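On a predicted model such as this, the values are computed, not experimentally measured, just so you know.
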Amino acid sequence: MAVIAAAVAKAENPTSRRTVWLLAGVALATLGIVLFVVPNNPDVAVGFSTRELVAIEAILFLSGTMSGLSGFGFSAVGAATLLFMPPVTEAPLLQTLSKANQLLSIEQLRADMPKSWKAFWAGPGYCILGGIPGAYVGIWMLSHLPAMQLMTVFGSILVLYSLYSLFKPAALQLRGFDGPIASAIVGFIGSAFGGFTAFPGAAVVVWLGLRGVPKAQNRAIVQPYIIMSQIFSLILIAAQHAEYFNHRYWVLLLWTLPAVLPGTLSGVMLYRRISDVNFRRISFLLLGLSGAALLIRLYAPVLFEA
């Protein structure tokens with residue numbers, strides 16, 4: 001809450017302040033409804049209780065809002081759904097929902113996207129090219145590494161990434177490393193993580209942030225990269241592990257898609273109304289809390305038993 005308060009204090013204008021408080025209020029109200037109002041009827045759909053389904057939908061609504069605002073982070077916030085489902089269910093579900101989210105917001109924000117092949121290769125092109133082999137590595141990790149290890153890695157990445165983003169000195173910037181080879185390497189790393197986390201944008205966002213790339217250019221690189229990376233990962237999963245797209249996946253997709261789309265549109269509407277400082281601090285706080293929730297879920301029982 002201290003971070004949110006600091007963000008509000010630095011808002012650029014009263015409208016931005018109201019937007020920040022509205023966003024925080026909606027998040028808190030949603031959490032309150034899930035925890036205290038919704039009855040916990042067991043096995044409403046594919047083994048999930050009412051409270052679990054509403055909690056998943058609330059998480060994904062916030063995921064859509066964040067991605068609509070920033071162009072990334074859908075699966076990072078959505079990682080909190082790992083509290084309720086295993087990675088082999090979560091990863092293809094989030095990749096599908098994130099793809100719908102990105103396609104919807106990219107339609108709404110077409111002005112920021114590359115408009116020629118030259119702009120494409122100067123922006124996301126080489127990241128996408130490097131991401132193709134990276135996706136193979138990520139899908140291999142998804143199908144071979146134990147769920148607890150995957151969740152530990154992802155939760156730790158989210159916490160460290162949010163702390164880095166919140167406390168990074170403004171003057172810290174990476175000089176150079178902006179050519180085709182660097183772009184392809186970063187794209188490979190992003191897709192490798194994205195194959196088992198459904199969050200391929202993390203490496204690219206950190207790389208662009210270190211280089212101080214402006215918001216519009218950042219979005220023009222990150223969104224096309226995420227879309228192509230997730231489409232390719234979904235094709236690989238369908239080809240190599242068709243069993244992941246089972247009855248449970250399709251039921252969850254039908255339950256959650258109606259929560260993602262309004263969240264995305266809400267984020268797009270707020271995109272140009274909220275200051276960069278306010279949005280970044282709130283979004284990175286959400287990422288950190290999402291990762292911390294996963295680590296607590298994994299290791300709190302172990303600590304208490306010890």
*Asks:* Measure the spacing between CG of Leu97 and CD of Glu90 and express it to the nearest 0.5 Å.
*Replies:*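 Going from CG on Leu97 over to CD on Glu90, the span is 10.0 Å.
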
*Asks:* Restricting to non-hydrogen atoms, name the atom on Phe84 and the atom on Ala55 that form the minimum distance, rounded to 0.1 Å.
*Replies:*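 Residues Phe84 and Ala55, closest heavy atoms: CZ-CB, 3.7 Å.
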
*Asks:* Can you list the residues that meet the side-chain hydrogen bond (donor to acceptor under 3.5 Å, both in side chains) rule with Ser162, with sequence neighbours excluded?
*Replies:*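 Partners of Ser162 by the side-chain hydrogen bond (donor to acceptor under 3.5 Å, both in side chains) criterion come out as none, since no residue qualifies.
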
*Asks:* What is the minimum heavy-atom distance between Ser266 and Thr65, and which atoms define it?
*Replies:*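 Scanning both residues completely, I find the closest heavy atoms to be CB-OG1, 4.4 Å.
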
*Asks:* Looking only at heavy atoms, which two atoms of Met85 and Leu252 are closest? And how far apart?
*Replies:*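 The answer is CE-CD1, 4.2 Å.
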
*Asks:* Calculate, to the nearest 0.5 Å, the distance between atoms CG and OH belonging to Leu208 and Tyr225 respectively.
*Replies:*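 Answer for the CG-OH pair, Leu208 versus Tyr225, is 11.0 Å.
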
*Asks:* Please name all residues satisfying side-chain hydrogen bond (donor to acceptor under 3.5 Å, both in side chains) with Ser156, sequence neighbours left out, ordered by chain then number.
*Replies:*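 Listed in chain order: nothing, the list is empty.
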
*Asks:* So, taking the atom named CG in Leu257 and the one named CG in Leu261, what distance separates them when rounded to the nearest 0.5 Å?
*Replies:*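 The distance works out to 4.5 Å.
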
*Asks:* Would you check if Phe74 and Thr264 make a side-chain contact, meaning some heavy-atom pair closer than 4.5 Å?
*Replies:*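 Sidechains of Thr264 and Phe74: no contact.
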
*Asks:* Looking at every non-hydrogen atom in both residues, tell me the closest pair between Phe61 and Pro262 and how far apart they are.
*Replies:*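 So the minimum-distance heavy-atom pair works out to CE1-C, 3.9 Å.
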
*Asks:* Applying side-chain hydrogen bond (donor to acceptor under 3.5 Å, both in side chains), can you list everything that pairs with Ser229, at least two apart in sequence or on another chain?
*Replies:*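 Scan of Ser229 (side-chain hydrogen bond (donor to acceptor under 3.5 Å, both in side chains), adjacent residues dropped) gives Ser191.
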
*Asks:* Does any part of the side chain of Leu60, heavy atoms only, come nearer than 4.5 Å to the side chain of Leu94, both counted from C-beta?
*Replies:*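 Yes - at least one pair of side-chain heavy atoms lies under 4.5 Å apart.
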
*Asks:* Look at the aromatic rings of Tyr244 and His241 and report parallel, tilted or perpendicular, splitting at 30° and 60°.
*Replies:*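 If you compare the ring of Tyr244 with that of His241, the planes turn out parallel.
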
*Asks:* Could you pull out every donor-acceptor pair under 3.5 Å between side chains of residues 120-140 and any protein atom, sequence neighbours left out?
*Replies:*
| from | atom 1 | to | atom 2 | distance (Å) |
| --- | --- | --- | --- | --- |
| Trp140 | NE1 | His144 | ND1 | 3.4 |

*Asks:* With rounding to the nearest 0.5 angstrom, report the OG1 to OH distance, Thr89 to Tyr249.
*Replies:*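 The OH atom of Tyr249 is 11.0 Å from OG1 of Thr89, to the nearest 0.5 Å.
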
*Asks:* Partners of Gln230 by side-chain hydrogen bond (donor to acceptor under 3.5 Å, both in side chains), sequence neighbours excluded?
*Replies:*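 Ser98.
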
*Asks:* A side-chain contact here means heavy atoms from C-beta on lying under 4.5 Å apart; do Trp250 and Leu254 qualify?
*Replies:*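 No. Closest side-chain heavy atoms not under 4.5 Å.
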
*Asks:* Looking at every heavy atom in both Pro92 and Leu234, which two are closest together, and how far apart are they?
*Replies:*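 Looks like O-CD2, 3.8 Å.
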
*Asks:* If hydrophobic clusters are built from ILVMFWY residues whose side chains come within less than 4.5 Å, do Val251 and Leu53 share one?
*Replies:*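 They do share one cluster, since a chain of ILVMFWY contacts under 4.5 Å joins Val251 to Leu53.
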
*Asks:* I need the Lys99 NZ to Met228 CE distance, nearest 0.5 Å.
*Replies:*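 Those atoms lie 10.5 Å apart.
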
*Asks:* Can you tell me how far apart OG1 (Thr152) and CD1 (Ile157) are? Round to the nearest 0.5 Å.
*Replies:*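 The distance works out to 10.5 Å.
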
*Asks:* For a quick test of reading the model, state the closest non-hydrogen atom pair linking Pro86 to Arg248 and the distance between them.
*Replies:*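 Residues Pro86 and Arg248, closest heavy atoms: CD-NH1, 4.0 Å.
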
*Asks:* Taking only residues two or more places apart in sequence or in another chain, which ones pass side-chain contact (heavy atoms from CB on, under 4.5 Å) with Ile189?
*Replies:*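 With neighbours one apart ignored, the set is Ile185, Phe193, Ala203.
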
